[in-house]
Protein chains: 2
Amino acid sequence: MMEAKYVYGFNEGNKDMKSLLGGKGANLAEMTKIGLPVPPGFTISTSACNDYYDNSELIRDEIIKEIENYLKSLEENLNKKLGCSKNPLLLSVRSGAVFSMPGMMDTILNLGLNDSSVLALANATQNERFAYDSYRRFIQMFSDVAMGIPKYKFENVLDDAKESKGYKIDTDLNSEDLKEIVTKYKAIYKKEIKQDFPQEPKDQLMLAIEAVFKSWNNPRAAVYRKLNDIPHNLGTAVNIQSMVFGNMGESSGTGVAFTRNPSTGENKLFGEFLINAQGEDVVAGIRTPQDISSLKNVMPKAYDEFVKITSILENHYKDMQDIEFTIEREQLYILQTRNGKRTTTAAINIAVDLVNDNIIDEKEAIMRIEPKQLDQLLHPSFESKALKNATVIAKGLPASPGAGSGKVYFNAQDVVEAKGRGEEAILVRLETSPEDIEGMVCAQGILTARGGMTSHAAVVARGMGKCCVAGCSQIKVDEYNKEIRSDDFVIKEGEYISLDGSSGCVYIGSVKKTDVALTGSFEKLMNWVDKYKDIIVRSNADNPRDAAMAIKFGAQGIGLCRTEHMFFDEDRIPAVREMILSNTLEQRLVALEKLLPMQREDFVAMFKVMDGKPVNIRLLDPPLHEFLPHDDESINHLAKVMGLQVSEIKRRIIDLDEFNPMLGHRGCRLAITFPEIYEMQAKAIIQGAIEASKEGIKVTPEIMIPLVGEVKELKVIKDMIKETVDNIIAAEGVNIPYTIGTMIEIPRACLSADEIAQEADFFSFGTNDLTQMTFGYSRDDAGKFLGEYVNKELLEKDPFEVLDQKGVGKLVKMGVQLGRSSKPNIKLGICGEHGGEPSSIEFFYNLGLNYVSCSPFRVPIARLAAAQAFIKNPR
Amino acid sequence: MMEAKYVYGFNEGNKDMKSLLGGKGANLAEMTKIGLPVPPGFTISTSACNDYYDNSELIRDEIIKEIENYLKSLEENLNKKLGCSKNPLLLSVRSGAVFSMPGMMDTILNLGLNDSSVLALANATQNERFAYDSYRRFIQMFSDVAMGIPKYKFENVLDDAKESKGYKIDTDLNSEDLKEIVTKYKAIYKKEIKQDFPQEPKDQLMLAIEAVFKSWNNPRAAVYRKLNDIPHNLGTAVNIQSMVFGNMGESSGTGVAFTRNPSTGENKLFGEFLINAQGEDVVAGIRTPQDISSLKNVMPKAYDEFVKITSILENHYKDMQDIEFTIEREQLYILQTRNGKRTTTAAINIAVDLVNDNIIDEKEAIMRIEPKQLDQLLHPSFESKALKNATVIAKGLPASPGAGSGKVYFNAQDVVEAKGRGEEAILVRLETSPEDIEGMVCAQGILTARGGMTSHAAVVARGMGKCCVAGCSQIKVDEYNKEIRSDDFVIKEGEYISLDGSSGCVYIGSVKKTDVALTGSFEKLMNWVDKYKDIIVRSNADNPRDAAMAIKFGAQGIGLCRTEHMFFDEDRIPAVREMILSNTLEQRLVALEKLLPMQREDFVAMFKVMDGKPVNIRLLDPPLHEFLPHDDESINHLAKVMGLQVSEIKRRIIDLDEFNPMLGHRGCRLAITFPEIYEMQAKAIIQGAIEASKEGIKVTPEIMIPLVGEVKELKVIKDMIKETVDNIIAAEGVNIPYTIGTMIEIPRACLSADEIAQEADFFSFGTNDLTQMTFGYSRDDAGKFLGEYVNKELLEKDPFEVLDQKGVGKLVKMGVQLGRSSKPNIKLGICGEHGGEPSSIEFFYNLGLNYVSCSPFRVPIARLAAAQAFIKNPR
């Protein structure tokens, strides 16, 4: 048996070993392999992290030994020694999970410094200031990350020192200042930990490695993983790398760059750098960095080499890269490369450009776009006309595109609460930190006063597809008094602003939004998508406006038109209520006769908009009491309008009241008791179809009966509808092809689908209700516990968002198999919320459904997800 | 291919051909075969009836031809001819379904009479009175049954005739009277039908046959079939038999007798006869018949022959027989035999006697008892002490045993409505008719003024197991003024009476009832039952009283103890409400601490009663708001008692309110949010078990977690309970074996039972909730449509009463198979209502469940059903 191996040198791995080495480690190995200037080091694998958690959070001796061996090799290789008082080796210790998790995991730089090696470093580099700057950074990071001492305690010392000397920036501090700071830092450490700052570098190293392991499970990381669908059991690798120094004076620096513009996708280097700084200074957004292009002037040689390397990397990885680099005394080092996060617009533009340049093919381009991200494109931006009249109150960096309006709140918690109250909120912060994640999720947009295009706020917002204006230094954000101030205005908590993440403009008030144009690269990509996808995408739409929107987004038909939504219209509800309050069949028929022409006109309009595309119309579904008023005022009004006693209406409302309406007298059960309702609707559909067809439109209505649980229900209703419809068609002497089918949304319908299929032209799986009944969760009430279920990981996902394949999916599968067993050519679709959710769409595609149907805005997402499903599993 | 055959002579069939010939036809053939004196004839099979319904209610020529051929043979055989003016053949036309349906189907006697054949009959028999009596009977029956002319129109004529002549009974009418009546009858026919009474006997015959076919689908028959679980698609046969005449004077007569007493089972001929009458006179209860024993005096030869034949028939059929006979001029004819309907007491006594006499074996005896019928034995009779002080106001025939008290109502509709209002009602009628069936179902008992032990009321009531006092001639029943009168008293509608169906006594007011003794034959039978049954029968019981009852009825353990029922106790509800209204964990713990000793005492008491038998305890299941008051008065009271603001309590009630509580925050979902509740209950169970075990009782509690839909829910709660329980056991230093399992009552639990089984010691299928969710029916609301579903035959049965094997059963089966696939020895039971329903028990037995659990009163039913399931399908 091969001995277990937990540690890998950078020369031992490659980019395909991400699950073992983490993304960072695998790419460091890959870059080493292809000869790029990477400071040497080694990676402690994710299996070591898992081993740590499997052993009650203890690093086993075997692994410690292996680490020590690799450290020894590294020392020999560089001819330096960790903690050596002559030629000390300094290390960076950085986490590296399988999936990139920016800002979530922890890093310690300059490890190996102690009171004696700092002298050696000063001596070796002939730069005492640099040595003590590195030492003070190390103490602070180590104390924070490994020992949990709050950062601000150190920052206060630094700020006091600068203030007392009248310095503006950190680099003004000289070596004597830094020595004093180091002394004070060590005192803080001793006060907090009750021990001296560890002087033994190997202790420092092991504590740091353990800190990285531990950080895998910190709450911020957990939230990020949940948000990004990253499994919790992957673990993180730890990269131990020899330090290079961007803070070794004016000929040194550090930076981050993308090979293309991550906001727009433009094929042009995009990034920032800081002179005489370490990497943390850039991403933290404390000093405002310079644009990468100006590096050309400062250090032309290093710049040219960097440009060459970015090109090598992009061609090697066949994707836009996000690269960290450090220049130590004009010598360039690459510290990290990864596929860069990008906006959806950028992702699409880049993918299409890469196909045009023959670097990737169409399928690869399709696979590159995360379907959910499309959402970002499909929501409105500000109307250009409205923008002209809007007052710009400030301009910041266009950190993440999109448009957002809302009331301002100054911390994450307040935003979360505002959202809970149904408000739209904008999160305004000096700068964001990982603790703000939840607030960012809930906000319509994010505004920060500090930080650049790669600051925490910018990176996270782009990842979320949330609009963000960052580094807006024209305003003062007073988090304590909860207001935004400038020379001209004050905006207090709860007042409206609007953010344009594409221009960086901040507007006062709420600015009107408009739809986006789906052209250019998007159109090209979606054409490819339609070429590959092998499942029809329809849309749910209850009115011509939504139907038109659906067609614009590429829907191939209507999968669900809920007729009850037509019932709620203000000018119709009186007739609906009259129908419900009828005491006799005769009265009810009179009321239905009033509704008939209204419903007919609805359907004529729908058929016209859809112009020949199929329209699936579901007959009345909700319990009748949903249409009745419940407050006294409305009841009195109704009584007056209808000429009925108030008491009579109240009695009827009580009669109709149900303990569990979801499981009550609704759907086709209404039609068993009151067949005349469905009869009217069937009439309206077919008369509407005839009217539309007379105007030359091809109409093939699909009439759908909801909530069937037993084939006999369906048969009775179907026969009644068929007779009604056929009589009208015969009387008119026309030819209108139509089909009659059913929702499959009750567990028993799935279980007896073989019988039901014999009476149905089609099935449409109603996975919303099916989820309710399969789990026994009322969607209206589950809010009380479902959040807790997801948080406590009792459920992986909210099953109303993502189809539960284990339970609900099993029933759908039975429904499909049984249905096809008795009617092989039955048309099968799905019209629950899951019809627009990518992982669910893949499941439905694999089951061989004919179509999915979702809300109009999710149609492009569904199309993309469908194409990806085909590419993953072609047939 | 053999030509289709639709008609069979009595000499062509036998008793095993019931499905083709109907019960009556098969037995007529069998009796013919064994040489008993059966008037010759033939049977038109049930397939002819089904053919009739398949052909739009038309008798096809092919079948008419076959009937004519058989008729011709019969004429030749008897040397008579239908409609012949010399030697006319008269026929009876009687329905005969596969399952006996007394009083439900229709009969026409004396067919073949017309204006000329009546003369021939008079001549041939030398009895003009008899001939015209037969003719007037025929016209009346034919008009009623075949043509739908109301009977009373004819009866009025008959009554007028008797009154005008001062006659008391029908037999006082002489031939001239009868001729006049015939003339008037024909006039009624002509007035109603606008045609002359049909004189062509073959027309009469075909109309009569069609009338029998049609009567299969009349509403009375449909109700009876529903009530007795008889499928609607069996159809009825028609028996065409040559007439013999009990109305041919004083040496003729007709009667009905049982070979044993159908009320008690006593082995003694039991029956009645009427001299100079036709069969209809006996069952209609219009003339009060004589006891069968007195036939010995009237016609000793015929009596002796009849006794001999009853003995032959009982031995031949190995069961108590119900025999119809006619004596024509001292010649005995047997017109029908069938297994006699009987009370449950009689059924058990007869079955046990037949085993003792080695006529049948134990298994056959077990199979002879309909499990549902046991219900009749298991309900209370009147307390003997209370009876002593009760006032007897009348005595009638003890027509069907049992005890019933209720308000008197005088028609079926009023009884149905009274039951709808939740009242107990007694149906009081002059005599009952098939139209009264629904009222009889709803009544606590039936009292009639007329009719004997084989009258409609008596036969039907015995079949239903409903108490009945018949022929109570001491009282006058005034149906118009709605009162009962005698010389001494008047009882008006709505006043209480009590009926003792075993003694025939009628009491004023409501008399206290008592439990029945389950001894003698019952005990013997149940011992055999326990010998054969191969599934454990437990009982649902929430308190020691029910548990004691369950043991008395033979329960082998408690399958479901609902702890919430303990929460509703008046002296506990304050602490429960305090627990619910707690704002903090600390407050809640204080309230739970108060509940702990109460729950502990409950469990100690349960364990003691069960004395070592297993007790399955389900932790809190319903949503918390069920425990809060909802009316203002109670809320104010609660506020006062608890020292809380009314507004605070109202707010909390609103907070806890749910749209669909059945699918809401209940069951184990409560324990995910408030683990301390289940923790308290687990403590109470195990502390109770320790206390009971200290008194020498063996205790093995089964702790059951409700509403699990996902294995992780179960695991989290199970781990918490296990820790709680193990800590207590360890601290006390005792050894209490216990198990933790779950209800399987959510569809998803069935679908993922393989996972759930890994964390469960046992499953208990909760088929009530499972039925709700599988069908999407709220049990509280489904009343609005479920009745209609069953009536319209959209569902065969109410799925809450009889397990729906197609849907719910499929899920149970999956749950069983998946559960066993990952834990082969998992204990499996069921504790829904279906645990006491015979067909469902057979299903569960066949699935191999370890136990069923039902309410105490249904335990004997379940035991018997379980034994029958084993006998049908032994393993």
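Below, each value reflects all heavy atoms present in this structure, side chains not excepted, and no hydrogens, waters or symmetry copies. To find a chain, count down the sequence lines: A is the first, B the second, and so on, and within it residues start at 1.
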Could you list the donor-acceptor pairs under 3.5 angstrom formed between side-chain atoms of residues 619-629 of chain A and any protein atom two or more places apart in sequence or on another chain?
residue, atom, partner, partner atom, Å
A:Asp621, OD1, A:Arg666, NH2, 3.4
A:Asp621, OD2, A:Arg666, NH2, 3.0
A:His625, NE2, A:Glu658, OE1, 3.2

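If you measure heavy-atom distances from B:Asp804 to chain A, the contacts under 4.5 Å come from the side chain alone. Interface remark: B:Leu786 contributes no atoms to any contact with chain A (heavy atom separation under 4.5 Å). In this structure, the portion of A:Phe785 lying under 4.5 Å from any heavy atom of chain B is its side chain and not its backbone. Neither the backbone nor the side chain of A:Glu745 comes within contact range of chain B; no heavy atoms are under 4.5 Å apart. For A:Leu707, no part lies under 4.5 angstrom from a heavy atom of chain B. For A:Glu710, the part sitting under 4.5 Å from any heavy atom of chain B is the side chain, from C-beta outward, and nothing else. With a 4.5 angstrom heavy-atom cutoff, A:Leu770 does not touch chain B via any of its atoms. The part of A:Asp655 that comes within reach of chain B is its backbone (N, CA, C, O), which places non-hydrogen atoms under 4.5 angstrom from that chain. Heavy-atom distances place no part of A:Lys715 under 4.5 Å from chain B, backbone and side chain included.
For the options B:Arg779, B:Glu793, B:Arg669, heavy-atom pairs under 4.5 Å to chain A are most numerous at B:Arg669. Per-residue heavy-atom pair counts under 4.5 Å with chain A were compared for B:Gly776, B:Gly807, B:Gly709, and the maximum is reached by B:Gly776. Interface remark: of the candidates A:Met814, A:Gln772, A:Lys810, A:Lys810 forms the most heavy-atom pairs closer than 4.5 Å to chain B.
Side chain of B:His232 to backbone of B:Asn217: no donor-acceptor contact under 3.5 angstrom is found. Between the side chain of A:Asn660 and the backbone N or O of B:Ser778, no donor-acceptor pair lies under 3.5 Å. Without hydrogens or angle criteria, B:Ser822 side chain to B:Asp754 main chain gives a donor-acceptor distance under 3.5 Å. Proximity of a side-chain donor or acceptor of A:Glu679 to a complementary backbone N or O of A:Pro675 within less than 3.5 Å is not detected. Of the possible polar contacts, none joining the B:Asp781 side chain to the A:Leu663 backbone as a donor-acceptor pair under 3.5 Å is found. Put simply, the side chain of A:Thr742 gets close to the backbone of A:Ile705: a donor and an acceptor are under 3.5 Å apart.
Under the 30°/60° scheme for interplanar angles, the aromatic rings of B:Tyr789 and B:Tyr777 are found to stand perpendicular.
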